[in-house]
Amino acid sequence: VREILNSDQIATNQKERYIELITSPIEKLNAITDKTVWGSLIMCEALLVTEENIMDYFLFKKKMEVVLVKFINRAQKKLDYSNLQQYSSDEREQLFDAVVICNEIENSKYLEILTTLKFVYDAFDVEGIADDKMRILVDCNIIKMNAETLIFLRKHYAKTALYFISKHTGEYVDLMNDKVFSQDELLQILDWPVDDAIKLNLLKYSTHKISVVGKCYSVPVQCYILQNNLDANDMKGLFREYGSLDVEIKENVLDYAVNNIEQLIAVACNTHQELIQDVLQVDGVSKDDKVDLILALLPRLERRFEVYY
């Protein structure tokens with residue numbers, strides 16, 4: 001096979017017809033010195049799919065051609081570039097960059113090639129990569145967390161950005177500042193099963209109102225929000241559910257009720273009895289306000305009286 005394909009006396013079209021008839025395995029593409037037939041060889045089932053053959057054809061064409069992608073995808077063995085020292089670092093990086101942006105390579109081969117080439121992006125700014133490929137890049141820690149990369153992902157890979165953050169929450173908190181902070185990301189993270197320390201660190205950057213109603217936030221997180229990011233619309237529901245609240249949360253709700261007694265009076269009939277009693281026992285509430293609160297409860301008392309009789 002090698003003698004025929006390397007012969008200067010045989011025309012290229014004749015060699016190509018010969019390649020179509022080859023059945024015995026061809027191990028090394030670079031053993032064929034006539035590179036005009038490499039395109040036919042790469043499509044030939046007889047050429048073994050090896051790391052060297054992939055690399056040699058890629059370096060010949062300097063791009064990820066369709067025929068090379070098909071060649072890669074039919075690999076039966078696991079591709080491993082970790083020990084191919086005959087290629088320079090620059091050559092290996094060229095292949096890496098070409099594979100990263102090639103959405104047509106099967107995911108298993110994509111992962112094998114990139115993880116064994118062992119390059120990473122300290123700053124990532126590559127557009128047009130499919131979501132499933134981006135997930136592989138994140139899972140394999142090929143994309144490193146930094147402010148520039150995070151901002152780029154938010155703009156170009158919105159679906160991947162939160163997943164990226166979930167894999168690097170500690171680094172995410174470490175790089176946080178007022179310019180990088182995102183309220184939308186915070187609201188997502190508050191629902192994640194991560195340490196309260198992470199949530200509380202991020203909350204320091206928020207100046208927006210945050211609702212705690214219907215959420216499963218921990219007590220420390222809820223208390224912080226009630227003290228610093230209070231959504232006053234929550235209070236009607238918290239007044240009503242006061243009896244079932246944690247002690248620390250009750251303290252925050254009680255403080256709010258005392259300092260906003262008119263709001264409490266306005267919804268007194270739909271307020272938990274325990275909160276009413278606690279407010280009436282606070283020395284800081286004026287006698288007039290306590291009387292107004294009791295008077296506001298009369299409609300509820302009348303309804304109970306009607307039911308009784």
Side-chain angles (χ1 to χ4, degrees), residues 64 69 72-73 78-82 92-93 95-212 214-218 220-222 224-225 229:
M64 192 60 62
V69 172
I72 292 170
N73 287 342
K78 182 178 180 180
L79 299 174
D80 184 352
Y81 281 87
S82 57
R92 291 158 61 87
E93 189 169 7
L95 178 63
F96 177 87
D97 290 338
V99 170
V100 164
I101 61 174
C102 186
N103 294 322
E104 291 71 33
I105 295 177
E106 292 180 2
N107 285 347
S108 61
K109 299 300 147 189
Y110 187 86
L111 183 148
E112 290 168 8
I113 295 172
L114 295 181
T115 54
T116 57
L117 282 169
K118 299 180 181 179
F119 289 99
V120 298
Y121 285 100
D122 291 321
F124 183 78
D125 59 357
V126 184
E127 297 182 36
I129 301 173
D131 291 337
D132 57 337
K133 298 294 189 291
M134 285 297 298
R135 197 175 185 91
I136 291 172
L137 296 177
V138 172
D139 285 339
C140 296
N141 204 28
I142 290 171
I143 302 175
K144 298 299 182 180
M145 171 64 82
N146 55 63
E148 293 75 16
T149 294
L150 176 61
I151 292 169
F152 179 83
L153 291 182
R154 286 171 177 169
K155 181 177 180 180
H156 299 282
Y157 298 98
K159 292 181 180 179
T160 301
L162 277 171
Y163 184 67
F164 179 60
I165 293 168
S166 73
K167 294 291 185 177
H168 300 275
T169 50
E171 296 166 87
Y172 176 78
V173 172
D174 290 342
L175 64 79
M176 192 51 57
N177 57 48
D178 291 329
K179 292 182 179 179
V180 176
F181 174 74
S182 164
Q183 181 73 11
D184 290 339
E185 288 170 0
L186 169 64
L187 295 178
Q188 292 285 338
I189 294 169
L190 289 176
D191 288 326
W192 291 356
V194 297
D195 290 344
D196 281 349
I198 289 174
K199 299 176 181 181
L200 293 171
N201 264 312
L202 295 174
L203 278 166
K204 292 187 299 186
Y205 297 97
S206 175
T207 58
H208 294 76
K209 296 178 181 179
I210 299 174
S211 175
V212 299
K215 298 295 184 179
C216 296
Y217 302 156
S218 69
V221 169
Q222 288 191 65
Y224 183 96
I225 291 172
N229 303 89

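None of these values were measured; they are calculated from a predicted model.
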Check: Does any pair with a residue in residues 160-183 pass ring-ring contact (aromatic ring centres under 6.0 Å, His included), and if so which ones, sequence neighbours excluded?
Finding: Phe164-His168

Check: Does the side chain of Cys140 come within less than 4.5 Å of Leu111's, by heavy atoms?
Finding: yes

Check: How about Asn177 and Val180: do any of their side-chain heavy atoms sit closer than 4.5 Å?
Finding: yes

Item checked: Student check: side-chain heavy atoms of Leu202 and Met176 closer than 4.5 Å -> yes

Check: Do Ile189 and Trp192 come close enough that some side-chain heavy atom pair is under 4.5 Å?
Finding: yes

Next item on the list: Look up atom CZ in Arg154 and atom CD1 in Ile165, then write down how far apart they are to the nearest 0.5 Å.
Entry: 6.0 Å

Notebook entry, point to check: CD1/Ile105 to CG/Asn107 distance, rounded to the nearest 0.5 angstrom?
Noted result: 10.0 Å

Check: What's the shortest heavy-atom distance between Leu117 and Arg92, and which atoms?
Finding: O-NH2, 3.8 Å

Note to self: On a heavy-atom basis, which atom in Asp125 and which in Phe152 lie closest, and how many Å separate them?
What the structure shows: C-CZ, 3.3 Å

Checklist line | Trace of the side chain to side chain contact (heavy atoms under 4.5 Å, CB included) decision for Val126 with Phe124 | finding: CA-CA 6 Å; Val126 184; Phe124 183 78; 3.8 Å; yes

Next item on the list: Ignoring hydrogens and angles, state whether a donor on the side chain of Asn146 or Tyr121 is under 3.5 Å from an acceptor on the partner side chain.
Entry: no

Margin query: Any heavy-atom pair between the side chains of Ile72 and Leu79 that's under 4.5 Å?
Written below: yes

Next item on the list: Might you point out which heavy atoms bring Thr149 and Asp122 nearest each other, and give the distance in Å?
Entry: OG1-O, 4.0 Å

Note to self: Nearest 0.5 angstrom please: Ile101 CD1 to Glu127 CD, how far?
What the structure shows: 11.5 Å

Note to self: Between Met64 and Leu95, does the side chain to side chain contact (heavy atoms under 4.5 Å, CB included) criterion hold? Intermediate values first, please.
What the structure shows: CA-CA 8 Å; Met64 192 60 62; Leu95 178 63; 3.9 Å; yes

Next item on the list: Kindly indicate whether the side chain of Leu203, heavy atoms from C-beta on, has any atom under 4.5 Å from the side chain of Ile210.
Entry: yes

Checklist line | Asp80 and Ser82: side chain donor to acceptor below 3.5 Å | finding: yes

Margin query: When you measure from the side chain of Tyr205 to the backbone of Lys179, do you find a donor-acceptor pair of N or O atoms at a distance under 3.5 Å?
Written below: no

Item checked: Within-4.5 Å side-chain heavy-atom neighbours: Lys118 and Tyr81 -> no

Next item on the list: Nearest 0.5 Å please: distance from the OH atom of Tyr217 over to the CG atom of Leu190.
Entry: 4.5 Å

Next item on the list: For the pair Val120 and Asn141, evaluate side chain to side chain contact (heavy atoms under 4.5 Å, CB included) and give the outcome as yes or no after the intermediate values.
Entry: CA-CA 8 Å; Val120 298; Asn141 204 28; over 6 Å; no

Margin query: A side-chain contact here means heavy atoms from C-beta on lying under 4.5 Å apart; do Lys204 and Asn201 qualify?
Written below: yes

Notebook entry, point to check: Cation over ring, Lys133 on Tyr110, under 6.0 Å and within 45°?
Noted result: yes

Notebook entry, point to check: Of all heavy-atom pairs between Ile129 and Leu137, which one has the smallest distance, and what is that distance?
Noted result: CD1-CD1, 4.1 Å

Next item on the list: Not counting sequence neighbours, which residues clear ring-ring contact (aromatic ring centres under 6.0 Å, His included) with Phe119? List them please.
Entry: Phe96

Notebook entry, point to check: Of the non-hydrogen atoms in Cys102 and Val69, which two are nearest, and what is the gap between them?
Noted result: SG-CG2, 3.6 Å

Next item on the list: Check whether any side-chain N or O of Glu112 sits under 3.5 Å from a backbone N or O of Lys78 as a donor-acceptor pair, and report yes or no.
Entry: no

Checklist line | Side chain Asn229, main chain His208, donor-acceptor under 3.5 Å | finding: yes

Checklist line | Heavy-atom closest contact (Asp196 atom, Ser218 atom, distance) | finding: OD2-OG, 2.7 Å

